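Because the structure is predicted, anything quoted here is derived from the model rather than measured. By convention in this document, chain letters (A, B, ...) are assigned in the order of the sequence lines, proteins followed by strands, and residues within each chain are numbered from 1.
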2 protein chains.
Amino acid sequence: MVTIKDVARRANVSVATVSRVLNQNGYVSEDASRIVLQTIKEMNYRPNAVARTLYKKTSNMIGLIVPDIENPFFPELARAVEDVANLYGYTVVLCNSDQDVEKEQRYVEALKQKYVDGLIMTSHQSQFNDYVDENIPIIALDRIGDERLTTVVANNYEGGRQAAHYLKEKGAKSLAHIRGPKGIASADERYRGFLDYVMENELEYVVEECSFQLSPAERLAARFYDEYPQADGVFASNDVVAAGFLKVALKRGIPVPDQLQLIGFDGISFGHMMYPELTTVAQPIYEMGALASRLCIKLIEGKEIDQSKNDPESFFHQLPVYMVEGDTTKK
Amino acid sequence: MVTIKDVARRANVSVATVSRVLNQNGYVSEDASRIVLQTIKEMNYRPNAVARTLYKKTSNMIGLIVPDIENPFFPELARAVEDVANLYGYTVVLCNSDQDVEKEQRYVEALKQKYVDGLIMTSHQSQFNDYVDENIPIIALDRIGDERLTTVVANNYEGGRQAAHYLKEKGAKSLAHIRGPKGIASADERYRGFLDYVMENELEYVVEECSFQLSPAERLAARFYDEYPQADGVFASNDVVAAGFLKVALKRGIPVPDQLQLIGFDGISFGHMMYPELTTVAQPIYEMGALASRLCIKLIEGKEIDQSKNDPESFFHQLPVYMVEGDTTKK
DNA sequence: ATTCTTTAAGTAACCGGTTACTTAAACCCT
DNA sequence: AGGGTTTAAGTAACCGGTTACTTAAAGAAT
């Protein structure tokens, strides 16, 4: 491997000069600069990122921790984070915490040891308090933790309300909400939105809880359709669970959307893969990832943003959701 | 941040002794060892991974490059790679090359600069020749590149044959294969398997090409059903494309599987999410990822395996595929 | 002509570990 | 008692960059 010393020797200058040319700082003459650049090209020299990191304590890496890489929502999010990060010269290290608090903590430790410049976390942990005092920027994405944390979320509460409203408008008489796990802010908020709306409008409803995965959703759906045959409008807390409910309904021959209407949440591209297509409360997934990434980089580089302690709002970025009308609700 | 010097000072020993305790090598007395360990715990010292990497030229990181993180096949694969890697104390850096050769090369460069210990690549590049002489282990996963490269793939050829055979057995008279992009070994092999089988059995068939994504699949499907209304057995080169064909068929009211039977490839968990469930030629995705990861680590640590130049077979690990009978083919 | 400022470039310390080399004490043996 | 081996632990070089500090030459100002 070619080092800066090799380049310096060949170019007849000191390592400091080579370093100055590379970093475009300090005083370097035209001549020296030309020769060094020429030599670098000739020798195909690439500065060693690890050595630089050791001295500068910065790595141009951003850690992204997601709870479940197999839920298509997160790859879509990761994709956006990565696109923006790449644009600014950062590498994203994607870690799958597997909804395991310990594994998550191990990752945070490992990443910090590697001098990642920032962290974007879709943490499974309900309170990130342990992390908030760290000396690197942390963005909470799709999760709400400590209020001092810069946060990017969709308007889950409003999404919950919209789902309930939409079902009511489409004539559903007996609503159901399959809520996500308690303690996960997004799930809690969707539930709260749904609940507020059905209460305000005095609608008949029932709530069940289900983790954000397919198999549990299918199991619950089977039981659910037995127990609540009268339910004609189901709002699932994410698209994967909605897909599970849709599948079981179709299997049983329950006519969708005529007898049963179904709404998911997320708007993963996956919902378009099935037929009938899923009606869903879509989050602006790409925008969320991109914003989180941009904010993280701003915090890394500017160390400031407009996040004065006076203005808590500036920590909290809430993006609007929007209904995507598929075929699992009436026209 | 606590450094090894701080620990050494507090424990009244030299940094060498602390290092020896940490790495459990060299001569350290019982007493010294005890004191150092105690001090480490008290000060909550964690050795700096970057400094260690700089000297040892090893990072305990494995780079994993996938072409499309949004195709569920790859997260599933990544999951397996990561599980095994974690088990052995390695961190996986997941990179999305976006099917872009240049982006892929940039990632390889960046990863090597970070002293990753090994690379697992599901490369979009048909020949990895550029990479094969690198001084770190490289595993080709789900792709075939240079024959000197350790390779983990499913038996795609056999899968192609099986799909054709299955469709024939289920009574399809006019077969179609929607093959993946030319130049991608897995797609080529599936195509070859299909072709050999239909030729041997003198079956009526047609072939179309489609990239491994949903939207192109849907567009192609629309055209396909117009052009080949007689086709009654479609074998798609992956599950995502199969899902696109299924969706368009259902939309048009084509009875599946009675009038049109459909087989995908991959066996992503996704195929179970839809109804009717996809019949598919499943790859042992988890096993493939896990094997690639294990081989990579063996190469890193042992630098040997049984890969003598005499035995090219040992470089080539081909795993069997198996039919998963869903509802898109007749019982 | 002298002093001050700017430009240019080298030397060496530093980042935080690991390890080759060295010194010295302890133990063993004849 | 003297020489050899094993054990213990310190010193300093090293990994490959960056940069503070220093020296020196060129240019500007009085």
Side-chain angles (χ1 to χ4, degrees), chain A residues 1-40 43-61 109-117 135-136, chain B residues 1-40 43-61 109-117 135-136:
Chain A
M1 173 180 246
V2 184
T3 74
I4 199 171
K5 268 180 203 156
D6 301 328
V7 174
R9 189 161 20 230
R10 170 102 158 252
N12 271 316
V13 296
S14 70
V15 294
T17 301
V18 178
S19 182
R20 284 184 193 114
V21 171
L22 282 171
N23 297 292
Q24 310 195 62
N25 58 18
Y27 291 112
V28 184
S29 67
E30 276 290 313
D31 280 4
S33 177
R34 202 162 20 72
I35 292 171
V36 168
L37 287 172
Q38 173 68 21
T39 311
I40 285 173
M43 305 183 77
N44 193 27
Y45 165 68
R46 310 248 65 203
N48 182 312
V50 175
R52 177 179 266 155
T53 294
L54 179 58
Y55 187 89
K56 308 260 282 189
K57 296 184 192 307
T58 162
S59 62
N60 279 322
M61 293 197 295
E109 267 306 315
L111 291 171
K112 279 172 53 200
Q113 247 187 70
K114 301 218 155 96
Y115 284 127
V116 291
D117 298 335
N135 30 21
I136 61 168
Chain B
M1 173 180 247
V2 184
T3 74
I4 199 171
K5 268 181 204 156
D6 301 328
V7 174
R9 190 162 21 230
R10 172 100 158 254
N12 271 319
V13 296
S14 71
V15 293
T17 301
V18 178
S19 181
R20 285 185 193 113
V21 172
L22 282 171
N23 297 292
Q24 310 195 64
N25 59 19
Y27 291 113
V28 183
S29 68
E30 276 290 314
D31 280 5
S33 178
R34 202 164 19 71
I35 293 172
V36 168
L37 286 171
Q38 173 67 24
T39 312
I40 285 173
M43 305 182 79
N44 192 28
Y45 164 71
R46 312 248 64 204
N48 182 313
V50 175
R52 177 180 268 158
T53 293
L54 179 59
Y55 188 89
K56 307 260 280 188
K57 298 184 190 310
T58 163
S59 62
N60 279 323
M61 293 196 295
E109 267 306 314
L111 291 170
K112 279 172 52 198
Q113 248 187 70
K114 302 220 155 96
Y115 286 125
V116 291
D117 298 335
N135 29 22
I136 60 168

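Between the CG atom of A/Leu22 and the C1' atom of D/dT18 there is a distance of 11 Å, rounded to whole Å. Distance, A/Arg46 CZ to D/dG17 P: 11 Å, rounded to whole Å. With rounding to whole Å, A/Ile35 atom CD1 is found 13 Å from C/dA8 atom C1'. The CG atom of A/Asn23 sits 11 Å away from the P atom of D/dG17 (whole-angstrom rounding). Rounded to whole Å, atom C1' of C/dC15 lies 13 Å from atom CG of B/Asp6. Note: CG (B/Asp31) to P (D/dA9) measures 8 Å, nearest angstrom. A straight line from CG of B/Leu54 to C1' of D/dG16 spans 6 Å, rounded to a whole angstrom. What separates CD1 of B/Ile4 from C1' of C/dT18 is a distance of 8 Å, to the nearest Å.
When the nearest nucleotides of DNA chain D are assigned to B/Tyr115 and A/Asn25 by heavy-atom distance, the more 5′-ward of the two goes with B/Tyr115. In this structure, A/Ala16 and A/Met1 both approach DNA chain D, and ranking their closest nucleotides by distance from the 5' end singles out A/Met1. Residue-to-nucleotide proximity on DNA chain C shows that, of B/Ala49 and A/Arg20, the 5′-proximal contact is made by A/Arg20.
Residue-level contact check: B/Thr3 touches the backbone only, with heavy atoms under 4.0 Å from sugar-phosphate atoms and none from bases. Among the heavy atoms of the strands, none lies under 4.0 Å from A/Val50.
Annotation: side chain of A/Ser59 is in contact with side chain of A/Asp117 (closest heavy-atom distance under 4.5 Å). Between B/Ile40 and B/Leu22, some side-chain heavy-atom pair lies under the 4.5 Å cut-off.
For D/dC15, the OP1/OP2 oxygens have no side-chain nitrogen or oxygen of B/Tyr55 closer than 4.0 Å. Of the side-chain N and O atoms in A/Ser14, one or more sit less than 4.0 angstrom from OP1 or OP2 of C/dG10. Here A/Tyr27 reaches the OP1 or OP2 of C/dT7: one of its side-chain N or O atoms lies under 4.0 Å away. When the side-chain nitrogen and oxygen atoms of B/Tyr45 are compared with OP1 and OP2 of C/dG17, one or more of them lie within a distance under 4.0 Å. Residue A/Ser29 places none of its side-chain N or O atoms closer than 4.0 Å to OP1 or OP2 of C/dT7. Proximity of A/Lys57 to the phosphate of D/dT18: no side-chain N or O atom is located under 4.0 Å from OP1 or OP2. Phosphate contact (OP1/OP2 of C/dC15, side-chain N/O of B/Asn48, threshold under 4.0 Å): absent.
Counting only distance, with no hydrogens or angles, the side chain of A/Ser19 and the backbone of A/Val15 share no donor-acceptor pair below 3.5 Å.
Partner A/Thr39 forms a side-chain contact (heavy atoms from CB on, under 4.5 Å) with one of A/Leu37, A/Ile35, A/Val36 and no other, that one being A/Ile35.
For the residue pair A/Met43 and A/Arg10, the shortest heavy atom distance occurs at CG-NH1, 3.5 Å.
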